[in-house]
Amino acid sequence: MQGADSIRTRLAAARAQLVAADIIDSAQAVRLLMQHVLNCDRAGLILQEERALSPDELAAFERLVARRLAHEPVSKILGEREFYGRAFRVTADVLDPRADTETLIDLALETPARRVLDLGSGSGALIVTLLAEWPEATGVAVDLSPAALAVTLENAGRLGVASRLTPAEGAWFAPVAGRFDLIVSNPPYIPSADLAGLEPDVREHDPVLALDGGADGLSCYRAIAAGAASQLEPGGRIIVEIGAGQGPDVTGIFLSEGFRHGAERRDLGGHVRALLFTLPG
Ligand code: GLN
């Protein structure tokens with residue numbers, strides 16, 4: 001029998017609240033939040049759908065739904081998100097890893113690398129995924145934020161690559177020594193004046209340090225392109241994420257520093273999202 005307070009009914013009611021607040025992916029959000037309360041997977045949820053929630057379960061679910069209604073992303077409510085098939089811990093101190101960023105991994109994996117540098121590692125989505133995919137590789141993760149670097153290291157530990165990853169706190173190449181055959185970066189690329197207009201999920205829950213790309217959104221690419229040549233092996237590659245429409249400008253910046261345009265990848269929205277440059281060796 002399906003009671004008025006069955007889990008199924010609670011899910012539908014919460015979903016209607018999110019839809020009314022214009023929150024996208026509402027069906028997936030309420031399902032993930034309920035699974036978290038019940039500590040079960042999707043199949044486990046389906047098995048229980050007709051039962052009623054206990055008062056404690058209901059209170060817990062309503063607290064989580066209220067947070068989503070206040071525009072907190074599901075990944076930050078749960079403290080976790082999947083990236084390239086692996087579960088990453090996500091906190092208020094790091095950028096929520098996006099599915100778009102997986103295009104950088106696709107591009108990187110086309111050619112194996114032994115020594116990898118991630119500039120602005122945040123959650124560690126890029127460097128930890130690459131070290132997990134390449135069991136022989138070692139890496140350095142740079143971040144200006146010690147709190148973010150701690151999350152990178154936590155994810156490296158969770159995913160079994162910590163012994164091959166060295167953290168380095170500081171700005172871009174400042175704390176880095178030696179040469180690499182691959183540099184990856186998803187730098188901040190939002191023009192400063194656009195930050196206030198971002199949707200609240202991003203504006204209020206991703207660190208501004210991970211978003212603000214300076215007056216024209218391109219200042220991080222200038223710093224990275226200027227320093228990259230002296231830190232890459234001859235023939236080395238650099239792969240950067242870019243914002244929608246930034247391809248020509250970012251390509252111009254790298255070409256002016258002596259790089260060659262190598263390849264690009266589009267995200268599911270059709271925007272060029274990942275650019276690869278090579279250093280002629
Ligand atoms: N490298 C991390 C990611 O791709 C963080 C990037 C950032 O904070 N701008 O998700």
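Start at 1 and go down the list; that is how both ligands and their atoms are numbered. Index from 1, following the sequence.
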Ligand 1 N/O within reach of P97 N/O, cut-off under 3.5 Å: no
Residue pair S123 / F88: nearest heavy atoms and the distance that separates them: O-CD2, 3.9 Å
Residue part near ligand 1, for S121, under 4.0 Å between non-hydrogen atoms: backbone
Identity and separation of the nearest protein heavy atom to atom 7 (C) of ligand 1: N186 O, 3.3 Å
Under 3.5 Å donor-acceptor, R68 side chain and L18 backbone: no
Atoms of ligand 1, numbered as shown, that sit under 4.0 Å from any heavy atom of G120: 1 (N), 2 (C), 5 (C), 6 (C)
Value rounded to 0.5 Å, distance of CG in L211 from CD1 in I190: 6.0 Å
Identity and separation of the nearest protein heavy atom to atom 8 (O) of ligand 1: A210 CB, 3.2 Å
Donor-acceptor pair between D249 and Y221 side chains, under 3.5 angstrom: no
Distance-only side-chain donor-acceptor flag, T278 / R260, under 3.5 Å: no
Polar proximity ligand 1 side, L126 side, N/O cut 3.5 Å exclusive: no
Part of T101 within contact of ligand 1 (heavy atoms, under 4.0 Å): side chain
E50 side chain to S6 side chain, donor-acceptor N/O pair below 3.5 angstrom: no
